[in-house]
Amino acid sequence: MLVSLNWLKQYVNIDGIEPAELAEKITRSGIEVDAVIDRSQGMTNVVVGHVVSKEKHPDADKLNVCQVEVGVGDVRQIICGAPNVAAGQKVIVALPGARLPGGVKIKKAKMRGVESNGMICSLQELGVEGRTVPKAYADGIYVLPEDAVPGSDALELVGLRDIVLELGLTPNRSDALSMLGVAYEVAAILSDEVKLPEINYPTTAESAESYIKVSTAASDLNPLYAAKVVKNVKIAESPLWLQHYLMAAGIRPHNNVVDITNYILMEYGQPLHAFDYNSLNSNEIVVRLANEGEKIVTLDNQERTLNSHNLVITNGKEPVAVAGVMGGANSEVTSDTTTVVIEAAYFDGFSVRRTSKELGLRSDSSARFEKGVDPNRVLLAAERAAQLLSDLAGGEVLQGTVLVDQLDKTPTRVVVSPDFINARLGMKISLEEMLSILHRLQFDVEAANGLLIIDAPTRRQDINIEEDIVEEIARLYGYDEIPMTLPEGMGNVGGLTPYQAKRRVVRNVMEGAGLLQAVTYSLTSDELAQKFALKVEDTTKLLMPMSEERTTLRQSLIPHLIEAASYNVARKADSVALYEVGSVFLGKTSEELPYEEEHLAIVLTGKWVDNAWQGEKRNVDFFVAKGIVVALFDKLGLSDRVSFEKGSVDGLHPGQTATVLLDGEKVGVIGGLHPTERKKADLKETYVAELNLYAIINATTEALVYSPVPRFPEISRDIALELDRSKAAGEIERVIRGAGAKLLKEVKVFDVYEGEKIEAGKKSVAFSLTYFDPERTLTDEEVTNAHNKVLKALAESGAEVR
Amino acid sequence: MEQQLKQLEQEALAKIEAASNLKELNEVRVAYLGKKGPITDLLKGMGKLSPEERPKMGALVNTVREHVTEQLEAKVAVLEEQAILEQLEKESIDVTLPGRPVRVGNRHPLTRVIEEIEDLFLGMGYEIAEGPEVEKDYYNFEALNLPKGHPARDMQDTFYITEETLLRTHTSPVQARTMLEKKGEPFRIICPGKVFRRDNDDATHSHQFMQVEGLVVGENIRMSDLKGTLDTMAKKMFGSDREIRLRPSFFPFTEPSVEMDISCFKCGGSGCNVCKHTGWIEILGAGMVHPNVLEMGGYDSKKYSGFAFGIGAERIAMLKYGVEDIRHFYTNDARFISQFHRTEG
């Protein structure tokens with residue numbers, strides 16, 4: 001909402017307040033002023049000129065040499081390229097030394113050899129937005145009225161000596177979508193009165209009823225429809241002041257009839273529509289729902305196809321307007337119009353909003369209906385239109401208003417106690433102070449039995465409940481006056497849930513291992529949504545995606561981490577180690593929502609150890625990734641319950657993929673990126689892992705109880721085994737552990753060998769076994785007995801001891 | 001014999017003096033003081049002396065032995081000292097060379113901001129509540145006083161999954177769910193999480209971003225409690241000399257609604273480019289929970305009241321760390337994330 005202060009002054013006294021100060025007051029009390037715009041933009045030396053003569057430039061077809069009088073006896077030669085410049089015109093002249101918006105400085109110049117002492121200006125050159133410039137002057141200079149005095153200030157004449165406040169309105173304050181609404185707000189802030197326009201005009205003996213009948217077949221969506229008929233209207237340009245107000249409000253002037261409807265739209269916030277009576281081709285207006293597929297060409301010359309829930313205005317046969325959204329081209333006011341029908345109506349906000357959304361057609365009109373117009377201003381606006389058509393367009397207003405009216409215009413009553421207001425605010429505002437504020441807001445208020453009985457004006461449709469009054473009181477009393485306290489004790493202990501606490505531990509483990517936390521997008525492409533997924537289930541897709549890259553919710557965190565790794569490698573990172581904790585979206589729950597499972601994923605590529613001057617460099621490998629995963633399980637007290645087996649995942653290296661199992665259930669995967677995937681991502685050896693964090697964190701562990709520090713020595717025995725190359729060391733370890741040797745405390749692989757010294761297709765794996773009894777020192781014999789059990793189990797499993 | 005003894009002593013002392021290492025010195029010890037050495041030999045020959053001479057000679061031999069032993073030990077100490085010095089010299093290193101790198105990762109800056117807020121409120125008795133990123137229209141909008149067709153829904157352009165499900169546009173649905181879960185009991189929660197809006201990604205917009213919301217519901221929760229709480233948070237996040245101001249605003253789920261500004265932490269309020277020369281920076285939206293929201297959450301709005309606030313983690317991080325482009329948070333450039341490794345203050 002753009003508020004011209006020149007216009008606002010017509011309704012409320014703001015003299016003596018700096019615009020910036022006024023803006024600050026408005027902002028602090030509830031409506032944010034986004035900008036204070038000086039329409040003159042610091043321009044100087046811009047005056048009225050009289051084009052005394054115009055001759056073609058000798059050397060340039062498109063240029064004219066004009067002699068322009070810019071003061072008594074002060075005639076200057078100015079070159080002008082505008083197509084519409086003509087002798088006799090009063091024009092806007094920027095004299096040498098003038099500064100125009102956009103840093104333009106006017107100087108004396110020679111154009112194709114001919115001297116030019118200034119510039120004849122278009123409105124755009126004075127910083128007026130092109131879309132608000134009247135069409136007649138949109139492609140050329142602006143022509144001032146005949147009586148403009150050469151040498152006088154031209155900015156004043158074109159309405160640019162004005163300040164505009166740009167309001168950033170929240171959806172609740174639709175009352176401020178009008179100049180009067182803003183005036184009420186400003187008056188409340190300044191404790192001032194609002195000066196309303198006085199409406200009176202002559203009428204003819206003929207009645208409007210004799211020209212037109214009105215009926216509505218959808219009174220729920222259109223409870224009020226009023227028509228006024230004005231004949232003998234002379235279509236012309238509007239007076240300048242009206243054009244300037246509209247331009248300041250961001251609206252392009254057209255002709256007096258259209259401008260008057262727009263003026264009242266801005267003044268009262270009530271959209272009006274003017275029909276050309278003769279092209280209505282009917283003496284009735286019928287408001288009804290459109291027939292499915294019915295068509296109308298709107299004022300913007302677009303053919304629109306309507307749905308059966310769209311409300312239309314018809315002439316009894318065909319639509320002549322989309323109710324509250326836009327008029328039809330078939331009944332448009334043109335330069336030939338003599339009789340106009342002015343529509344002032346109340347249309348249901350939801351209905352207008354829906355229609356305007358469906359048609360992709362937002363207008364100043366629909367914006368106001370959507371948010372609800374003031375029921376008590378509909379008829380006033382119709383009267384105001386009649387008055388202005390009479391005053392400014394020479395129209396003769398027919399007697400009476402043709403009306404269908406079932407609209408409830410009673411104000412909403414709110415009953416609230418001052419104690420409630422103070423309790424909500426944590427303040428002690430006196431009753432007198434509250435009453436004063438409510439009076440400033442022009443709320444009808446009665447104080448009785450410790451209660452305030454309030455009827456808010458119907459323009460304030462946001463006032464419905466006690467809390468709304470709390471806000472009104474507080475905002476005008478001043479939010480700065482609210483004291484600062486903290487909520488009184490409620491006995492809440494608060495704190496992290498065990499899950500949340502463990503998730504923080506997970507992050508600590510990852511960071512301790514040297515990984516940076518990444519955050520990537522939940523939305524991905526169809527193609528990547530299920531890639532590397534631990535579980536592939538139905539995907540969740542957007543109804544209307546904005547791009548192919550973001551259509552579907554992910555089922556694995558790995559694809560985006562690989563993208564992040566590529567991004568870093570492409571920027572010369574020689575090592576990338578990232579982790580992410582985030583949700584994946586699987587199938588559907590009973591709530592019709594996808595099942596969201598929190599996962600942890602990591603990606604590692606490039607150098608792991610890089611100790612340059614000591615010559616220690618090592619790239620990441622599978623076992624770095626596995627080491628990190630194991631460290632995590634260990635930290636969560638699950639190291640005895642996790643196991644790994646050879647696994648397979650599309651996109652991962654078939655010989656370097658492990659399934660991670662917790663208590664025998666699959667909870668994750670670790671693997672090297674498949675060479676073809678690496679190539680696609682332009683990465684060298686890259687390792688990834690993804691774990692179902694939800695399952696892992698929810699695996700509960702027993703309370704931690706210390707075990708005594710060993711007082712007796714441990715005894716270790718080594719075993720070297722010759723195995724098939726494909727035999728998993730983990731399996732052998734399980735055999736060893738499962739051999740039933742109670743004294744066996746630890747099993748560790750300490751050497752793996754493949755090569756010349758061993759048969760092809762075989763490998764040697766050496767284990768170190770530790771025996772221990774917490775109660776005493778073991779004898780050699782006891783250890784041997786236990787060890788023999790292990791050897792026996794190994795022999796039975798077919799492993800060959802070297 | 002006495003002559004002989006003196007000579008031996010001289011010889012031994014000279015050899016001790018000449019010894020350059022512990023091995024040579026040991027040879028001297030063995031040669032002169034050992035059981036087969038000349039001094040022992042002399043002692044053995046004492047039997048040939050007269051009874052008067054014997055004690056005199058005995059004492060002399062002992063004096064020589066002691067003197068030689070003494071010198072020997074002194075020399076051992078010198079040599080040992082020397083050996084250590086040599087060792088130290090040999091083991092000396094250039095301590096200015098770089099240490100072995102220890103890989104230490106760190107949190108994403110958004111997590112850092114969120115955890116800082118979480119920790120502040122955990123200390124004030126709040127719990128952390130979380131909820132799904134894909135939500136029902138009901139929890140995201142309707143339960144928050146935004147019925148279908150409400151104009152304020154335009155404030156948040158939404159990614160719909162179906163007519164009834166969507167990517168949450170704020171973490172407020174967690175508030176709605178929490179109220180139903182708490183079944184009328186007072187509570188205080190902080191809800192951090194990812195949220196989504198139909199925006200094209202650019203320097204100031206991101207289709208995915210992170211929010212932290214707070215909600216307190218109880219008997220007699222006042223707007224002054226909201227103001228005090230926000231002030232505490234502003235001071236914690238942006239410095240103890242920050243001031244806050246509240247401006248009236250509108251959110252469908254709160255009434256009254258406010259926006260909070262903090263005094264500019266860069267210029268202190270005198271006006272600079274960070275605060276667009278106003279002295280104030282807009283930080284968050286908040287308000288008293290709308291009675292409709294309380295009622296839909298199962299709370300009697302006559303008995304209970306509450307306040308809620310919502311902060312964009314990106315906005316806080318951008319202001320706090322001077323980050324100029326929101327996309328930095330999602331490109332996962334290690335050169336960006338790793339800058340947030342250290343402590344402050």
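In what follows, every chain begins at residue 1, and chains take the letters A, B, ... in the order their sequences are listed.
If you measure heavy-atom distances from A/Glu592 to chain B, the contacts under 4.5 Å come from both the backbone and the side chain. For a residue to count as touching a neighbouring chain, one of its non-hydrogen atoms must lie under 4.5 Å from one of that chain's; by this rule A/Ser547 does not touch chain B. Heavy atoms of A/Leu515 lying under 4.5 Å from chain B belong exclusively to its backbone. With a 4.5 Å cut-off on non-hydrogen atoms, A/Val609 does not touch chain B at all. Residue contact with chain B, scored on non-hydrogen atoms closer than 4.5 Å, involves the backbone and the side chain of A/Asn508 alike. Contact of B/Asp201 with chain A is made through the side chain alone, with heavy-atom distances under 4.5 Å. If you measure heavy-atom distances from B/Phe121 to chain A, you find no contacts under 4.5 Å at all. If you measure heavy-atom distances from A/Glu563 to chain B, you find no contacts under 4.5 Å at all. Contacts between B/Tyr139 and chain A at a heavy-atom distance below 4.5 Å involve the side chain alone, from C-beta outward. Looking at B/Glu243, there are no atoms closer than 4.5 Å to chain A (heavy atoms on both sides), in backbone or side chain. Only the backbone of A/Val493 comes within less than 4.5 Å of a heavy atom in chain B; its side chain stays farther off. Contact annotation for A/Ala573: neither backbone nor side-chain heavy atoms come within less than 4.5 Å of a heavy atom of chain B. Contact of B/Asn200 with chain A is made through backbone and side chain together, with heavy-atom distances under 4.5 Å.
Using a cutoff of 4.0 Å between basic side-chain nitrogens and carboxylate oxygens, B/Arg112 and A/Glu511 are not scored as salt-bridged. Salt-bridge formation is detected for the pair B/Asp119/A/Arg504: a Lys NZ or Arg NE/NH1/NH2 atom is positioned less than 4.0 Å from an Asp or Glu carboxylate oxygen. Taking 4.0 Å as the cut-off between side-chain N and carboxylate O, B/Arg245 and A/Glu24 count as a salt-bridged pair. A salt bridge does not link B/Glu255 to A/Arg424: none of the charged side-chain nitrogens sits closer than 4.0 Å to a carboxylate oxygen. A salt bridge is defined here as a Lys NZ or Arg NE, NH1 or NH2 lying under 4.0 Å from an Asp or Glu carboxylate O, and B/Glu115 with A/Arg507 meets this definition. B/Lys227 and A/Glu481 are not joined by a salt bridge, as no carboxylate oxygen comes within less than 4.0 angstrom of a charged side-chain nitrogen.
Taking A/Leu578, A/Asp610, A/Leu523 one by one and counting their heavy-atom pairs under 4.5 Å with chain B, the maximum is reached by A/Leu523. Counting heavy-atom pairs under 4.5 Å between each of A/Lys541, A/Glu580, A/Glu472 and chain B puts A/Lys541 at the top. Among A/Arg550, A/Met546, A/Arg475, A/Glu466, the residue making the largest number of heavy-atom pairs under 4.5 Å with chain B is A/Met546. The candidate with the highest count of non-hydrogen atom pairs below 4.5 Å against chain B, out of A/Gly426, A/Ser575, A/Ala612, is A/Gly426. For chain B, the option among A/Leu486, A/Val519, A/Asp468 with the highest count of heavy-atom pairs below 4.5 Å is A/Val519. Taking chain A as the reference chain and counting heavy-atom pairs below 4.5 Å, the highest number among B/Glu164, B/Glu127, B/Arg198, B/Met210 is found for B/Arg198.
No side-chain donor-acceptor contact under 3.5 Å links B/Ser257 and A/Glu471. Side-chain contact annotation: B/Glu118 with A/Gln500, donor-acceptor N/O pair under 3.5 Å absent. With 3.5 Å as the limit, one finds no donor-acceptor pair spanning the side chains of B/Arg247 and A/Ser29.
Here A/Ser522 pairs with A/Leu553, A/Arg554, A/Phe585, B/Glu133, B/Lys194, B/Phe196, B/Gln208 under the side chain to side chain contact (heavy atoms under 4.5 Å, CB included) rule; sequence neighbours left out. Legend: residues meeting side chain to side chain contact (heavy atoms under 4.5 Å, CB included) with B/Ser224, ordered by chain and number and at least two apart, are A/Ile482, A/Pro483, A/Thr485, B/Arg222.
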(request) Show your working on side-chain hydrogen bond (donor to acceptor under 3.5 Å, both in side chains) between A/Gln517 and B/Thr111 and close with a plain yes or no. (result) CA-CA 9 Å; A/Gln517 187 193 10; B/Thr111 309; 2.7 Å; yes
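With contacts defined as side-chain heavy-atom distances shorter than 4.5 Å, the pair B/Thr331/A/Tyr567 qualifies.
Within a 6.0 Å radius of CD in A/Gln614, more than 12 heavy atoms belonging to other residues, nucleotides or ligands are found. By the 6.0 Å contact criterion, NZ on B/Lys276 is open, its count of non-hydrogen atoms from other residues, nucleotides or ligands being 12 or less.
Judged by distance alone, with hydrogens and angles left aside, the side-chain atoms of B/Asn332 form no donor-acceptor pair with the main-chain N or O of A/His560 at under 3.5 Å. Checking side-chain atoms of A/Trp613 against main-chain N and O of B/Pro98 turns up a donor-acceptor pair under 3.5 Å. A donor-acceptor pair is defined here as one N or O able to donate and one able to accept, closer than 3.5 Å; no such pair exists between the side chain of A/Glu467 and the backbone of B/Pro256. Checked by atom type and distance alone, the side chain of A/Arg571 never pairs as donor or acceptor with a backbone atom of B/Arg335 at under 3.5 Å. For the pair A/Asn568 (side chain) and B/Ala334 (backbone), a donor-acceptor distance under 3.5 Å is present. Counting only distance, with no hydrogens or angles, the side chain of B/Lys136 and the backbone of A/Leu593 share no donor-acceptor pair below 3.5 Å.
A/Tyr521 and B/His207 have tilted rings, their planes meeting at an angle from 30° to 60° on a 0 to 90° scale.
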